[in-house]
Amino acid sequence: MLELKNLKLSYGTSQILNGVNFSVKRGDVVSIIGPSGTGKTTLLKCINYLVKPTSGTIDFDQIRMDYARPDKATIQAIRLRTAMVFQQFNVFKNMTVLQNVMDPLVVVQRKSQDEAREIALMELDRVGLSAKKDQYPAQLSGGQLQRTGIARALAVRPDVMLFDEPTSSLDPELVGEVLKVIKDVTSSGITSILVTHEMQFAKNISNRIVFMDAGVVAAEGSPSEMFDAPANPRLAQFLSTELETQ
Amino acid sequence: MNVSTMIPELLEALPLTLAIMFVALAAGFCLALLTTTFRVRRVLLISTLADLYVSYARSVPVVLQLFIAFYGLPVLVGAFGIEDFLSANLAAMVGLSLYHGGYLSEVMRPAYLAVDRGQHDAADSLGYTFQQKIARVVGPQAVHIALPGYGNSIIYLIHNVALIMYIGAADVMATAHLIMARDFNQYQFETYLLLAVFYSLLCLIAWMIIRFFENRASIYTLSNKPAKFSLTASV
Ligand SMILES: Nc1ncnc2c1ncn2[C@@H]1O[C@H](COP(=O)(O)OP(=O)(O)OP(=O)(O)O)[C@@H](O)[C@H]1O
Ligand SMILES: [Mg+2]
């Protein structure tokens, strides 16, 4: 349903993405792993055009765009069908938890307040935050902030969920509660792309693993192919250092 | 003539003084909004002009800006064939609006830039248009950041209103000087003291209004308690 071809991106003189090819089928849960700074976040942000690739194409069901010729309407169409969960949560600081989840429904989707509230309350219940609905972000823990972010993303009913290292800015004791919610979301059948350093978690929830290295997709396959018998030497090395630190 | 009869005379000049101030406040705000927009969303040429304007407003002494408005505006409107239409009061309004707008833009721009990049990303990713993003997310947060600076620029504006007598506008300062001259320079100290009280009161009111909004917005800052209300050492 989603295919990126030959994606290239550079910041100034440093080339970050060197021709990434990446695709996702409906219902897939794909985890992107790889060393720090290889462009995993950047790749994810290319999908909804939060960063601007210099070349490459995206095919998203019937939507198609050449990044060399970005088009506002197409970008908007893609954004309306995806939702992102951020490493830094990026919950709207001037709104309560409930307002955070409702606002996109009212402002972007033009739903009525009542309808938006109903959906928002349902999603907040799903992430276990009903009791915190009237709190402002400044009053919440990292885990609660991230669950707000997830509820906000789910509420817009995206075709694809984009998770960018959703647990890496959390205190260790808060990681569990967020992973539990993500597991619940991905097992509900929604197509998801997850950038993560939680190797065990990626192995458990994904049906495909993509290994990025030096701005390209260096290897991909099923979790067992990738984790149990890594053919790619760089991947094997990455996994051994990664598992050591965990 | 004594001090008590002087007060009503001074007060007669008050409405005009306040009118000039409020015009500068409102027009300056709109100007600052427009200027800031072009300074954060770069548009060829217009953005450079906006930068130039802000440097002018911030670096040229306000008295000089008032003289430039006073002598420059007739030339400008004269070019459109309009003559004898500018009064000192109108020039004061224009001069102060330009000053306040430029000054305020340099409060608004850093406040806008201080809003976390992630807030933009989140709004963009959800499909907010630029206007929606500003109205719903970035604007309210920037306003909160800008409020103390805005309070200061209002206070500077109030102070600088006292300068418009130099171009012959009939504000409270100018009126006070007329009264003193007429009354053989008696009660000079009292008159200036009265003006000082008048300006202090204006600033106090402005400060209290700003403080009210600061407290209202503080619900979503890191500290959950509203800022302590104290009248001293604030204006
Ligand atoms: N706005 C930017 N300007 C310049 N360089 C950037 C910018 N954003 C990211 N980079 C650089 O691009 C590279 C890729 O960044 P990216 O965040 O995509 O890596 P990542 O794979 O997500 O890493 P991590 O696992 O640490 O999150 C990094 O070297 C980073 O320093
Ligand atoms: Mg990253």
Side-chain angles (χ1 to χ4, degrees), chain A residues 41 44-52 72-73 75-97 99-110 134-140 145 148-149 152-158 160-164 169, chain B residues 33 36-37 40-44 107-108 110-150 210-228:
Chain A
T41 300
L44 214 55
K45 287 184 171 178
C46 286
I47 295 174
N48 55 10
Y49 208 68
L50 293 184
V51 296
K52 303 172 173 57
K72 245 182 153 176
I75 293 166
Q76 181 69 357
I78 294 170
R79 285 176 175 175
L80 292 180
R81 301 182 55 187
T82 56
M84 190 168 225
V85 174
F86 297 87
Q87 183 172 359
Q88 304 297 339
F89 324 132
N90 298 346
V91 168
F92 298 140
K93 291 178 192 161
N94 57 322
M95 300 181 195
T96 63
V97 167
Q99 287 166 350
N100 259 280
V101 184
M102 279 176 65
D103 207 65
L105 305 180
V106 175
V107 173
V108 180
Q109 300 189 352
R110 309 237 163 259
D134 295 319
Q135 306 266 28
Y136 278 89
Q139 302 161 307
L140 300 179
L145 287 172
T148 305
R152 180 177 67 183
L154 287 171
V156 302
R157 302 279 140 81
V160 178
M161 283 283 278
L162 310 171
F163 293 95
D164 181 22
S169 21
Chain B
L33 218 52
T36 310
T37 308
V40 295
R41 303 198 94 187
R42 303 302 295 184
V43 179
L44 201 72
V107 171
M108 288 182 178
Y112 172 85
L113 294 177
V115 175
D116 184 12
R117 184 69 239 160
Q119 301 284 309
H120 290 264
D121 278 354
D124 288 343
S125 76
L126 289 159
Y128 284 63
T129 63
F130 180 79
Q131 284 81 358
Q132 289 169 339
K133 177 173 76 173
I134 297 301
R136 305 289 308 168
V137 181
V138 179
Q141 292 181 40
V143 165
H144 180 231
I145 299 168
L147 271 175
Y150 187 39
I210 289 287
R211 205 48 188 277
F212 168 77
F213 285 106
E214 272 183 50
N215 280 343
R216 229 179 52 153
S218 72
I219 37 175
Y220 54 79
T221 58
L222 280 173
S223 72
N224 294 327
K225 41 189 179 310
K228 259 236 206 76

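Just so it is clear: chains get the letters A, B, ... in the order the sequence lines come, proteins before strands, and each one is counted from 1.
- The closest side-chain heavy-atom distance from B:Arg117 to A:Asn90 is not below 4.5 Å.
- A heavy-atom distance below 4.5 Å is found between the side chains of A:Met95 and B:Val137.
- The part of A:Lys45 that comes within reach of chain B is its side chain, from C-beta onward, which places non-hydrogen atoms under 4.5 angstrom from that chain.
- Contact between A:Leu50 and B:Asp121 at its shortest, heavy atoms only, is CD2-O, 3.7 Å.
- Heavy-atom pairs under 4.5 Å with chain B were tallied for A:Leu80, A:Val107, A:Val156; the largest tally goes to A:Val107.
- The two residues B:Ser125 and A:Asn48 make their nearest non-hydrogen contact at CB-ND2, 3.6 Å.
- The nearest pair of heavy atoms linking B:Gln119 to A:Val91 is NE2-O, 2.9 Å.
- At a 4.5 Å heavy-atom cutoff, A:Gln88 makes no contact with chain B through either its backbone or its side chain.
- The minimum heavy-atom distance between A:Arg152 and B:Ala122, with the atom names listed, is NH2-CB, 3.4 Å.
- Contact of A:Phe92 with chain B is made through backbone and side chain together, with heavy-atom distances under 4.5 Å.
- We find the CD-CG distance between A:Gln109 and B:Leu126 to be 9.0 Å, quoted to the nearest 0.5 Å.
- In this structure, B:Asp124 and A:Arg79 approach most closely via the heavy-atom pair O-CD, 3.0 Å.
- Looking at B:Ala135, there are no atoms closer than 4.5 Å to chain A (heavy atoms on both sides), in backbone or side chain.
- At least one side-chain heavy atom of A:Asp103 sits less than 4.5 Å from a side-chain heavy atom of B:Arg136.
- Residues satisfying the ring pair (Phe, Tyr, Trp, His ring centres under 6.0 Å) test with A:Tyr49, not counting sequence neighbours, are none.
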